[in-house]
Amino acid sequence: MSTRALNAHDSALERSVFVMRDSSFDPEHITRTKREIGQRCSLDFSRAVHVMNDELLGEVLQLNPHITQLNLSRCDNITDAGTNWLRSSQDLKYLNLYGCYELTNISRVVCITSLTHLCLSAMNDVSSSALRRLSELTRLRQLHLSDNCGIDDEVLKSISQLEVLTHLNLSLSHERISNDGLSRVGRMPMLTHLNLYCCHNITAEIFSQFGQGLQVLILQNDCERMKNLYSHLHNIGTLEVLGGLRTPEFDDGSASDDEEMPIFTEHEWNDLKDRGVKIEHEYVDFPMTM
């Protein structure tokens, strides 16, 4: 193979994602696996949750300190000690820690100032004070905090300072956030995607404080909390998708509670359609993608 062909091969290898599976990490393949890890910019260990631990994470990051994407989703053997190895990963842009239940200290994470995409969803023991430090990650464009027990209004006020953030997932926050914290989020200049599914203290009035820019808004169908939602959406002329809401099209008169009855009247629904707003009846989400 020519030098040019080798260089092209190496470049393609660096751009591709290395996916490690539990079944593929065995002594017979360890040398080849380590060589590939050292060459790739993107590493995905979400299918190796049984073998990935603090020690292996440390070895991986020493082999490749210049990775740009790291997926540790559901790797619940990773503890706070393992995140110490992240200190050397100052080129990291994408970090997925979904379901890493053993993590309580994210101080090493907020030191990675290169991060643009971060998922801290489904984490039980990260404190509100720790999450407030996320405002230090000024390059963040996508932030996922779904089902994170540390989320509250003070965290929202802090992360509302992230001026280039476009995607924010706060779903499954239940009663932990309210209109007070969300009013700051509504003024974020670059925000286009917002997930508020299962945020039970949010009411429709808050959306009157949102300006232009929001394109995707995901809510939970609740006629009591979302009463008069239509009248509070007029400021958001850029809206393209409303997720998780029922419409008159699906109303057969048998609805028994607020979560089954349509949010909009037929007139309101038709007007939204004329404005180009797509209403998704089932729950939808926006994944964290580079």
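Please read all numbers here as calculations on a predicted model, not as lab measurements. Numbers here simply count residues along the sequence, with the first being 1. What's counted below: heavy atoms across the whole structure, side chains too, no hydrogens, waters or symmetry copies.
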Engineer: What closest approach, in Å, do I263 and M226 show between heavy atoms, and which atom pair accounts for it?
Structural biologist: CD1-CB, 3.7 Å

Engineer: Of the non-hydrogen atoms in A122 and Y101, which two are nearest, and what is the gap between them?
Structural biologist: O-CE2, 3.1 Å

Engineer: Are V19 and R47 side-chain neighbours, meaning at least one heavy-atom pair lies under 4.5 Å?
Structural biologist: yes

Engineer: Output, in order, the C-alpha distance, side-chain angles, deciding distance and verdict of side-chain hydrogen bond (donor to acceptor under 3.5 Å, both in side chains) for D91 and S114.
Structural biologist: CA-CA 6 Å; D91 294 327; S114 57; over 6 Å; no

Engineer: Do you see a donor-acceptor pair shorter than 3.5 Å between the side chains of S146 and S171?
Structural biologist: yes

Engineer: Any non-hydrogen side-chain atom of F264 less than 4.5 Å from a side-chain atom of L229?
Structural biologist: yes

Engineer: Taking the ring centre of each residue, are H167 and F286 less than 6.0 Å apart?
Structural biologist: yes

Engineer: More than 12 non-hydrogen atoms from neighbouring residues, nucleotides or ligands closer than 6.0 Å to NZ on K278, yes or no?
Structural biologist: no

Engineer: We want to know whether R108 and N84 form a side-chain donor-acceptor pair, criterion being a heavy-atom distance below 3.5 angstrom.
Structural biologist: yes

Engineer: Mind checking what makes ring pair (Phe, Tyr, Trp, His ring centres under 6.0 Å) contact with Y94, not counting sequence neighbours?
Structural biologist: none

Engineer: Report yes if some heavy atom in the side chain of L182 is under 4.5 Å from a heavy atom in the side chain of D153; otherwise report no.
Structural biologist: no

Engineer: Would you check, one step at a time, whether the test side-chain hydrogen bond (donor to acceptor under 3.5 Å, both in side chains) holds for H144 with S121?
Structural biologist: CA-CA 6 Å; H144 289 244; S121 296; 5.1 Å; no

Engineer: Locate the shortest heavy-atom distance separating I151 from S173; write the atom from each residue and the value.
Structural biologist: CG2-OG, 3.5 Å

Engineer: For N179 and T203, which I'm curious about, is there any donor-acceptor pair between the side chains at under 3.5 Å?
Structural biologist: yes

Engineer: Mind checking whether Y230 and H234 have parallel, tilted or perpendicular rings, split at 30° and 60°?
Structural biologist: perpendicular

Engineer: Just checking E280: does its CD atom have more than 12 heavy atoms from other residues, nucleotides or ligands closer to it than 6.0 angstrom?
Structural biologist: yes

Engineer: Do D152 and S128 get their side chains close enough for a donor-acceptor pair, meaning under 3.5 Å?
Structural biologist: yes

Engineer: Are N77 and D54 linked by a side-chain donor-acceptor pair shorter than 3.5 Å?
Structural biologist: no

Engineer: Do side-chain atoms of D80 reach the backbone of N105 as a donor and acceptor pair under 3.5 angstrom?
Structural biologist: yes

Engineer: Is there a side-chain hydrogen bond (donor to acceptor under 3.5 Å, both in side chains) between S135 and S158 once you walk through the steps?
Structural biologist: CA-CA 6 Å; S135 61; S158 179; 3.3 Å; yes

